[in-house]
Amino acid sequence: MNATLRRLSTVVMVMFLALMVSTSWIQFVAAGELNDHPRNVRGIYSALARDRGPIVVRGGEAIVTSVPVDDNFKYQRTYSEGDGGAASVYAPVTGYFSVNGTVTGMERYANSYLAGEDDSLWLDRLQNLVTGEEAQGSSVELTIDPKVQKAAWDALGDNIGAAVAIDPKTGAILAMVSKPSYDPNTLAVHNAGEATAASEALINNKPQVNSIGGEERLSPYGPTINRTINAIYPPGSTFKLLTAAAAIEYEGITPDTSIPAEDVYQLPGTTGDGGRVHNYGGQTCSDTGEMPLKDAMRISCNTAFLALANEVGADGMQQMFQDFGFTESIDIPMSTSVGAYPGLSDSATDDSAARIALSGMGQGDLRMTPLQVAMMSAAIANDGDLMEPYLVQSVRDSDLELVSQTKPSRYKSPFSSSTADALTEMMVEVVRDGSGTGAQISGVDVAGKTGTAEDDPRSPTLWFTSFAPADDPQVAVAVVLENEGQSTDESTGGALASPIAAQIMQAAISK
């Protein structure tokens with residue numbers, strides 16, 4: 001063989017080798033990334049041509065189904081049988097499956113089951129391959145209790161905000177409501193142009209919220225954001241639960257321990273009016289300048305918890321925040337946003353003594369999601385053991401055979417059972433004769449904590465977190481009203497948010 005033929009054969013061999021490598025790379029290594037690419041419409045066409053599995057809530061009601069249609073896609077994804085009002089109740093949970101390639105909520109995070117493509121369904125897929133039958137998706141049953149969900153939806157009314165309810169003994173999420181919401185049916189239409197237009201309209205439709213000085217202010221969150229897990233707010237006085245937990249756990253303080261409770265607190269390292277913090281409305285907590293911790297919690301005395309956080313210090317406060325897992329995202333299976341605390345996040349790097357003290361009353365650089373605020377109450381309700389929150393109860397294949405079922409698991413243990421008992425004692429007094437009387441339920445001892453958080457330049461954000469019954473907890477709740485406060489006694493977390501929490505708890509414990 002002469003030199004020219006040898007060179008030509010070498011080039012041909014290299015070209016064949018390159019073709020084989022590139023083809024293998026595309027088909028095996030890069031296949032998943034290419035299939036999931038938003039510009040790959042073939043995957044969407046294939047998915048819409050399949051009988052996608054339903055999403056059901058506790059009790060078996062299907063809130064998402066695939067309905068046969070006479071078009072190129074074969075099936076229409078339908079939410080609450082096309083009822084826009086009913087679909088809005090669950091939209092932040094279900095998300096939507098759009099022809100333009102956008103998939104959100106449980107539609108996205110449970111997609112492998114709904115599409116019938118999960119590895120655990122290999123036997124079904126093999127049978128379909130042999131028989132030639134059309135593949136069917138699995139049904140995904142959520143932990144959401146429709147009675148509790150509806151109660152939370154109705155109780156929130158026209159407020160901008162969110163409510164979440166958890167079973168503290170298991171971590172099962174019983175309700176997850178975010179307002180304003182939207183009709184996912186408008187985003188699941190088979191016309192890509194209409195779906196895109198509807199999506200853009202929702203993204204740009206951020207609601208107007210109350211603001212300081214009367215200026216127009218828009219919420220940072222639009223209707224498609226699930227406020228329960230992906231919106232972060234200053235938690236206000238609900239965070240006094242964590243401050244008290246750290247003081248009891250690390251400093252040996254008890255509910256009867258007398259602590260400073262002055263009219264004005266000068267933040268450490270500051271001078272002048274800029275570092276002076278007053279109690280709500282300029283009120284006096286104690287004529288003597290000190291009071292028992294349980295009374296400071298009952299009336300939500302700001303200066304007492306500023307001093308308490310300063311006594312615990314940065315190490316203790318940061319440790320308790322981390323021990324709750326608030327610096328970590330949880331897959332429920334939707335991914336939750338992480339909280340922010342001084343010195344523990346990029347958005348809150350200043351952990352000076354002044355910022356730590358200010359965090360003691362839930363202000364400053366501190367931010368949390370409603371789910372995290374509910375988790376504080378859930379841990380207290382469950383003797384200091386925080387169960388991992390979850391949304392999926394079980395998955396069943398097209399023959400209704402059980403594929404998987406969630407087993408409750410402990411997520412964190414931020415404090416001891418004795419600390420939980422002390423916190424419960426104080427929270428019961430908050431509702432019985434303190435700032436949270438609006439959460440009272442006849443014949444039931446309720447444990448709760450109010451919160452009114454400054455959120456400049458917008459008006460205060462209002463909170464209430466609680467659990468009930470206090471002696472045998474069945475539900476833990478957090479309610480947030482985004483910038484709905486007006487800094488008056490009639491527009492605090494205790495006045496507006498606690499009655500909403502009461503209605504949710506009532507629905508949960510009367511099942």
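Closest of all the heavy-atom pairs between Thr336 and Leu371 is CG2-CD2, 3.9 Å. Here the closest non-hydrogen pair linking Val64 and Glu107 is CG1-OE2, 3.6 Å. Between Pro235 and Ala453, the closest heavy-atom pair is C-CB, 4.2 Å. Nearest heavy-atom pair, Ala152 versus Ala163, reported as atom, atom and distance to 0.1 Å: CB-CB, 4.3 Å. Nearest heavy-atom pair across Ala374 and Val477 is CB-C, 4.2 Å. Counting all heavy atoms, side chain and backbone alike, Leu187 lies closest to Ser199 at CD2-N, 3.3 Å.
No donor-acceptor distance shorter than 3.5 angstrom exists from the side chain of Glu482 to the backbone of Thr461, with no hydrogens or angles considered. Between the side chain of Arg458 and the main chain of Val209, no donor-acceptor pair closer than 3.5 Å is present. Under the 3.5 Å distance criterion, the side-chain polar atoms of Thr143 are matched with a main-chain donor or acceptor of Ile173.
Under a 4.0 Å N-O distance rule, the pair Lys179/Asp158 does not qualify as a salt bridge.
Side-chain atoms of Met334 and Pro92, non-hydrogen and from C-beta on, never get closer than 4.5 Å to each other. Contact of the Ile229 side chain with the Thr369 side chain is not registered, since no non-hydrogen atoms from C-beta on lie closer than 4.5 Å. No side-chain heavy atom of Tyr90 sits less than 4.5 Å from a side-chain heavy atom of Ser181. Within the 4.5 Å cutoff, the side chain of Ser329 has heavy atoms near those of the Val338 side chain. For the pair Val392 and Tyr113, the minimum side-chain heavy-atom distance is 4.5 Å or more. At a threshold of 4.5 Å between non-hydrogen side-chain atoms, the residues Glu200 and Ile203 do not count as touching. Taking the side chain as every heavy atom from C-beta outward, Leu366 and Pro234 never approach each other to under 4.5 Å. Ile299 has its side chain out of reach of Gln283: every pair of non-hydrogen atoms, C-beta onward, lies at least 4.5 Å apart.
Thr254 and Asp256 are not linked by any side-chain donor-acceptor pair at a separation below 3.5 angstrom, with hydrogens and angles left out of the test. Side chains of Ser300 and Ser435: a donor-acceptor N/O pair is absent below 3.5 angstrom, by distance only.
Phe326 meets the ring-ring contact (aromatic ring centres under 6.0 Å, His included) test with Phe321, Phe324; sequence neighbours excluded. For the ring-ring contact (aromatic ring centres under 6.0 Å, His included) test, no residue two or more places apart in sequence or in another chain qualifies with Tyr250.
The 12-atom threshold is exceeded at NZ of Lys169, counting heavy atoms of other residues, nucleotides or ligands nearer than 6.0 Å. Annotation: Asp472, atom CG; neighbour count of heavy atoms from other residues, nucleotides and ligands within 6.0 Å is above 12. Other residues, nucleotides and ligands place no more than 12 heavy atoms under 6.0 Å from the CZ atom of Arg108.
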For Asp263 and Arg276, run salt bridge (Lys or Arg N to Asp or Glu O under 4.0 Å): C-alpha distance rounded to whole Å, both residues' side-chain angles, the deciding distance at 0.1 Å, then the answer.
CA-CA 10 Å; Asp263 290 350; Arg276 292 164 63 88; over 6 Å; no
Show the numbers, then the answer: is there a salt bridge (Lys or Arg N to Asp or Glu O under 4.0 Å) between Lys294 and Glu429?
CA-CA 8 Å; Lys294 62 183 180 183; Glu429 290 304 314; over 6 Å; no
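With respect to Leu386, the side chain to side chain contact (heavy atoms under 4.5 Å, CB included) criterion is satisfied by exactly one of Met375, Met376, Arg410: Met375.
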